[in-house]
Amino acid sequence: MNAIAVSVVIPALNEESCISRCLTSVLDQDYPRERMEVVVVDNGSTDATASVAHQFPVIVVEEVRRGVARARNAGILAASGEIIAFIDADCIAKQDWLRKLLLDSDDLVIDCFVGDILPMPKGGLISDFIHDRHLISQKALLSSIPPVAAGANIAYRKSVFEGIGYYDEKFTEGEDGDLFWRFVKSNRFQYRFQGEAVVFHPHPSSLSVLLRRSCLEGRGLAQFRLKHRDDIPEYMTSLLRYAVVLMSALGGCVKYPISVCRERKNGRSPARSFAYPFLDKAHSISLIAGVLFELARARRHRKEQN
C-alpha cells in the first residue's frame with residue numbers, strides 16, 4: 001500500500017541555534033519524500049529562526065501570537081496531509097522515525113500514533129536524572145491517570161481535529177496533554193504507542209532550567225486539572241491541599257541522608273547518589289510551586305469575575 005500523506009508540523013520560537021539540525025533530521029527520513037511535507041511555524045521569533053527555515057524545502061508559516069498551542073493550530077491549518085505529525089524544533093528524529101511512527105497507518109481504526117522520547121546523547125547528570133526518573137517519558141505519561149501524551153513526538157489523523165477541536169490556546173503549558181485527554185475521553189478514537197519511533201530531546205542540563213521547566217509543568221498541570229475537574233478527584237484542585245503538600249516537601253528535606261543511602265544501595269554512583277535525591281526535591285518543590293501559583297491565579301480570576 002502507498003505511504004499515507006503526512007505533514008510534519010514544527011512549532012518554533014527563537015530556535016535559530018537548533019532548527020537546522022531538526023529540519024535536517026526530518027528531511028532525511030526514510031519516508032517517501034513525495035508523501036511528506038514539512039511545516040515550520042515561526043511563533044514570533046526575534047532571532048533568525050524563520051530565515052534559517054527558509055533555507056530548507058519546507059513551508060514556513062508565521063503565527064505572531066505567542067504560545068505553542070497557537071503555533072500548533074496554525075501548523076494544522078496550513079497542513080495538507082491526511083496525518084499531522086508533530087516534533088519540537090529542538091529535537092532530532094531518528095532516520096526511521098516517521099516510518100515507524102506511522103507503521104500500520106492504513107489501519108483506519110488507529111487515529112493517533114505516539115512515539116518515544118529519549119534524551120540527547122551525553123546530556124550530562126541532570127539529563128540522566130530526568131531520563132532515569134521518567135520525567136519526560138511517553139510510557140509514563142500514557143500510564144498516568146488520566147492518560148496524556150507529549151507533543152514532541154505524536155501524530156494525529158487530521159479528522160481528529162475536526163471531531164474534538166484544536167489545541168486549547170488558553171494553556172500556557174500542557175496543551176498537548178489536554179488535547180490527548182479530549183481524544184481519549186471522546187471514546188471515538190484509538191491510539192497506538194510506537195516505541196521504536198524515536199526522537200531525541202535535549203533535556204535540561206542545568207539546575208536553573210530544570211527548576212523553570214518544573215514550575216511551568218506545574219502550571220500546566222493545574223490548568224489541565226481545573227479544566228477537567230469533573231474527571232479527577234476534587235482534592236487535586238485544592239489550593240489548601242497543595243500548600244500542605246509544599247510544606248511537607250520542604251520538611252522532607254531532612255530525609256536527604258536516608259535517600260542518599262537508598263540510592264547507594266540501589267547501585268548508583270556516589271555522585272548520582274548525592275545528586276538524585278537533591279534533584280528529586282528540587283523538581284517536586286518547583287512543580288508544586290507552579291501548581292500553587294496557577295491555582296491561586298485561577299481563584300483570583302474567579303473572584304474578580306464575581
Side-chain angles (χ1 to χ4, degrees), residues 3-4 6-13 15 18-19 21-31 36-41 43 58 68-69 71-73 75-76 79 81-105 110-121 123 127 130-131 133-144 147-158 160-161 167 171 173-184 189-204 213 217 220:
I4 196 167
V6 58
S7 300
V8 179
V9 172
I10 308 173
L13 171 60
E15 301 287 3
C18 54
I19 187 66
R21 69 183 184 186
C22 177
L23 287 174
T24 298
S25 73
V26 171
L27 293 170
D28 195 36
Q29 293 295 299
D30 61 2
Y31 196 85
M36 177 181 72
E37 70 175 5
V38 181
V39 181
V40 176
V41 183
N43 195 203
V58 302
V68 67
R72 293 189 194 280
N73 287 341
I76 295 167
E82 183 180 338
I83 288 183
I84 316 295
F86 295 93
I87 183 174
D88 286 353
D90 57 356
C91 292
I92 296 176
K94 287 186 67 175
Q95 191 172 29
D96 58 1
W97 162 65
L98 198 56
R99 175 171 56 82
K100 290 188 173 180
L101 183 65
L102 303 183
L103 195 65
D104 297 328
S105 57
I110 308 301
D111 299 282
C112 174
F113 305 85
V114 184
D116 207 359
I117 301 172
L118 298 180
M120 293 281 193
S127 177
I130 293 169
H131 178 66
R133 294 300 202 242
H134 308 293
L135 300 185
I136 301 178
S137 164
Q138 293 285 42
K139 279 188 177 181
L141 291 172
L142 291 170
S143 300
S144 63
V148 294
N153 188 1
I154 198 167
Y156 292 95
R157 294 191 192 275
K158 200 167 188 179
V160 168
F161 303 106
Y167 287 94
F171 275 74
E173 187 80 10
E175 79 297 330
D176 43 6
D178 166 65
L179 180 73
F180 187 80
W181 174 233
R182 286 190 279 129
F183 168 92
V184 172
F189 308 105
Q190 294 185 33
Y191 69 89
R192 178 176 294 166
F193 177 60
Q194 310 279 45
E196 294 186 358
V198 172
V199 301
F200 295 100
H201 179 275
H203 295 351
R213 289 300 308 161
E217 182 185 344

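Side chains are part of it too, since the values below use all heavy atoms of this structure and drop only hydrogens, waters and symmetry mates.
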Q) Counting N and O atoms only, with roles assigned by atom type, does the side chain of Ser7 sit under 3.5 Å from a partner on the main chain of Gly81, one being a donor and the other an acceptor? A) yes
Q: Compare all side-chain heavy atoms of Ile136 with those of His201 and state whether any distance is below 4.5 angstrom.
A: yes
Q. Of all residues at least two apart in sequence or in a different chain, which pass the salt bridge (charged side-chain N to carboxylate O under 4.0 Å, His left out) check with Glu175?
A. Arg72
(Q) Check whether Asp176 reaches the backbone of Gly151 with its side chain - one donor and one acceptor, N or O, closer than 3.5 Å. (A) yes
**Q.** Side chain Lys158, main chain Ala79, donor-acceptor under 3.5 Å
**A.** yes
Q. Taking atom CD of Gln95 as the centre, does the number of heavy atoms from other residues, nucleotides or ligands within less than 6.0 Å exceed 12?
A. yes
**Q.** Ile87 and its side-chain contact (heavy atoms from CB on, under 4.5 Å) partner, picked from Ile117, Ile10, Leu98
**A.** Ile10
Q: Evaluate the side chain to side chain contact (heavy atoms under 4.5 Å, CB included) criterion for residues Met36 and Val8: first the C-alpha distance (whole Å), next the side-chain angles of each, then the deciding distance (0.1 Å), finally the verdict.
A: CA-CA 7 Å; Met36 177 181 72; Val8 179; 4.2 Å; yes
Q | Interatomic distance, Arg21 atom CZ to Glu15 atom CD [nearest 0.5 angstrom] | A | 9.0 Å
Q: State, yes or no, whether a side-chain contact exists between Ile154 and Cys112 at a heavy-atom distance under 4.5 Å.
A: yes
Q) Yes or no on side chain to side chain contact (heavy atoms under 4.5 Å, CB included) for Asn73 and Phe161, after CA distance, side-chain angles and deciding distance? A) CA-CA 10 Å; Asn73 287 341; Phe161 303 106; 5.9 Å; no
Q | Residues which pass side-chain hydrogen bond (donor to acceptor under 3.5 Å, both in side chains) with Arg133, listed by chain and number, not counting sequence neighbours | A | Glu263, Asp280
Q) To the nearest 0.5 Å, how far apart are CG in Leu102 and CD1 in Ile110? A) 12.5 Å
**Q.** Verdict with supporting geometry, Val38 and Leu23, side chain to side chain contact (heavy atoms under 4.5 Å, CB included)
**A.** CA-CA 8 Å; Val38 181; Leu23 287 174; 3.9 Å; yes
Q: Could you list the residues that satisfy ring-ring contact (aromatic ring centres under 6.0 Å, His included) with Phe171, not counting sequence neighbours?
A: none
Q.
I'd like to know if Glu82 pairs up with Arg157 as an ion pair, taking the criterion as any Lys NZ or Arg NE/NH1/NH2 lying under 4.0 Å from an Asp or Glu carboxylate oxygen.
A. yes
(Q) Restricting to ring-ring contact (aromatic ring centres under 6.0 Å, His included), what partner residues turn up for Phe86, sequence neighbours left out? (A) Tyr167
**Q.** Point-to-point distance, once rounded to the nearest 0.5 Å, from CG of Asp30 to CH2 of Trp97
**A.** 11.5 Å
Q: Find the distance between CG (Leu135) and CG (Leu141) and round it off to the nearest 0.5 Å.
A: 10.0 Å
Q.
Which heavy atom of Phe200 sits nearest to which heavy atom of Pro119, and what is that distance?
A. CD2-O, 3.5 Å
Q.
Has Gln138 got a side-chain atom pairing as donor or acceptor with Val114's backbone, closer than 3.5 angstrom?
A. no
Q. Ignoring hydrogens and geometry, is there a side-chain-to-backbone donor-acceptor pair from Asn153 to Asp116 under 3.5 Å?
A. yes
Q) Should the pair Asp104-Arg192 be classified as a salt bridge under the 4.0 Å nitrogen-to-oxygen rule? A) yes
Q: Could you point out which residue of Phe113, Trp181, Phe180 forms a ring-ring contact (aromatic ring centres under 6.0 Å, His included) with Tyr191?
A: Phe180
Q | Residues forming a ring-ring contact (aromatic ring centres under 6.0 Å, His included) with Tyr31, sequence neighbours excluded | A | none
Q. For Glu173, what residues pass the salt bridge (charged side-chain N to carboxylate O under 4.0 Å, His left out) criterion, not counting sequence neighbours?
A. Arg213
Q.
Rounded at 0.5 Å granularity, tell me how far CG in Asp90 sits from NE2 in His203.
A. 10.5 Å
(Q) Would you compute the distance between atom NZ of Lys94 and atom CD of Glu196 and round it to the nearest 0.5 angstrom? (A) 8.0 Å
